[in-house]
Protein chains: 2
Amino acid sequence: MARKRFDDMPCSIAQTLNLVGDWWTLLIIRDAFFGARRFAEFETRLGIAKNILANRLSQLVENGIMQKVDIGQTGTHYAYELTEKGRDLFPVLTALRQWGDKWVYGEGCAPMDVIERKSGRPLARMVPLGADGTPVALEDLEIRLKEKS
Amino acid sequence: MARKRFDDMPCSIAQTLNLVGDWWTLLIIRDAFFGARRFAEFETRLGIAKNILANRLSQLVENGIMQKVDIGQTGTHYAYELTEKGRDLFPVLTALRQWGDKWVYGEGCAPMDVIERKSGRPLARMVPLGADGTPVALEDLEIRLKEKS
DNA sequence: CTTTATTGGTTTCATAACGCAACTAAAGGA
DNA sequence: TCCTTTAGTTGCGTTATGAAACCAATAAAG
């Protein structure tokens, strides 16, 4: 049967994964953050098949995460760029990257650093903070589900 | 042909997605955070097929993200629990959830809140911070790739 | 003004993954 | 002994993925 969709799950995590949670989509977004704009650029950087890339890009555009800009005074030239909605996925990518830095490569062995130019230093580790700005403990959290109206 | 693996990409994001980036895995981890422990619990909460669930759980155990604990004095009873490596994915789930809260449901309309008991208030929005603790601007970031040794 | 290259795809087809349902295995209880 | 619970495995049809071939529009070359 068809791949199961998570559309109907009343959960932001499921909904987000439904939009960006397949094999390639987050990597396309990653490369967009890292400067890729053109179809061929994504293709060669990722080593993704053209049909899959075309499909994913059109989904991303459809979902408002990227936009397709015609920069074609000269021939067929489009740029795919992140919208604000797309740029707002940066925390997700950062969390994924920091987890991999720590658990796949090990502290200090990551193949890539993201550096803040101002300070010349890498970003701080992202940690969920409470309303008062201090890190939260998992045990101190409570899930509260809203009633359906 | 076989699904493409991201194993060979020298990138923490790709590596992390390689471990937890398929359709179901992050939802299994989410439910583990929310208290699910038993095979049947994951099955009914997620509506996932048994074979897929069995496959994903064994991958998660193999990758050290969950562990399978035999709690079976009486019959066949196992519990699947997150390891430290698994619990450390909490920032990833939080970032995904907060993005969905904002862009899928809209501020204040999320179907679920994660509340800190201490304060009774939801977690703060996760934002990548620079080394000095202030939020970073995307334009002020620089990617630095490490040479292969 | 015809030919060739570039860009951004679409089509085709083999294979792998998914989803459902049925079946199995091991232990406990009636 | 037979039934139930738990945790799977197996079989099979459907869908998605990946590679390669093909296509269309424009530009550049000759």
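Please read these numbers as outputs of a predicted model, since none were measured by experiment. Because only heavy atoms are used, hydrogens play no part in the values below, and waters and symmetry mates are left out as well, while side chains stay in. Lettering of chains follows the sequences in order, A, B, ..., and the numbering in each one begins at 1.
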Separation of [N] [atom2] from [X] [atom1] (nearest whole Å):
X: Asn51(B); N: dC12(D); atom1: CG; atom2: P; result: 14 Å
X: Asn55(B); N: dA17(C); atom1: CG; atom2: C1'; result: 10 Å
X: Arg5(B); N: dA16(C); atom1: CZ; atom2: C1'; result: 12 Å
X: Ile52(B); N: dT14(D); atom1: CD1; atom2: P; result: 17 Å
X: Phe39(B); N: dT5(D); atom1: CZ; atom2: P; result: 17 Å
X: Glu43(B); N: dA7(D); atom1: CD; atom2: P; result: 9 Å
X: Leu53(B); N: dC20(C); atom1: CG; atom2: C1'; result: 14 Å
X: Ile28(A); N: dT17(D); atom1: CD1; atom2: P; result: 11 Å

Problem - DNA chain C: 5'-proximal contact among Arg56(B) and Lys50(B) (nearest heavy atom) - result: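 The 5'-side residue here is Arg56(B).
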Problem - 5′-ward residue of the pair Ala54(A)/Gly47(B) relative to DNA chain C - result: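 Checking each residue's closest nucleotide, the 5'-ward one belongs to Ala54(A).
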Taking only side-chain N and O atoms of [X], does any of them lie within less than 4.0 angstrom of OP1 or OP2 on [N]?
X: Arg3(B); N: dA16(D); answer: no
X: Trp24(B); N: dG19(C); answer: yes
X: Tyr78(B); N: dT5(D); answer: no
X: Lys68(B); N: dG8(D); answer: yes
X: Arg38(B); N: dA7(D); answer: yes

Practice task
Kindly say whether Ala110(B) contributes a backbone atom to a donor-acceptor pair with the side chain of Lys146(A) at under 3.5 angstrom?
Solution key: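 Yes: the side chain of Lys146(A) pairs with the backbone of Ala110(B).
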Handout entry: Asp22(A)/Arg56(A) salt bridge by N-O under 4.0 Å criterion
Key =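 Yes, Arg56(A) and Asp22(A) are salt-bridged.
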Handout entry: Flag for Asp88(A)-Trp99(B): side-chain donor and acceptor within less than 3.5 Å
Key = no
Exercise for the section: Consider only side-chain N and O atoms of Ser12(A) and Gln15(A), and report whether a donor and an acceptor are under 3.5 Å apart. Expected result: no
Handout entry: salt bridge (Lys or Arg N to Asp or Glu O under 4.0 Å) between Arg37(A) and Asp31(A), intermediate numbers included
Key = CA-CA 8 Å; Arg37(A) 292 163 47 84; Asp31(A) 278 4; over 6 Å; no
Listed nucleotide nearest any side-chain atom of [X], set [options]:
X: Thr76(B); options: dA7(D), dT10(D), dG18(D); answer: dA7(D)
X: Tyr80(B); options: dT17(D), dG8(D), dA7(D); answer: dG8(D)
X: Lys4(A); options: dG19(C), dT9(D), dG8(C); answer: dG19(C)

Practice task
Remember a base hit wins even if backbone is also touched, and classify Phe42(B) as base, sugar-phosphate or nothing at under 4.0 Å, heavy atoms.
Solution key: nothing
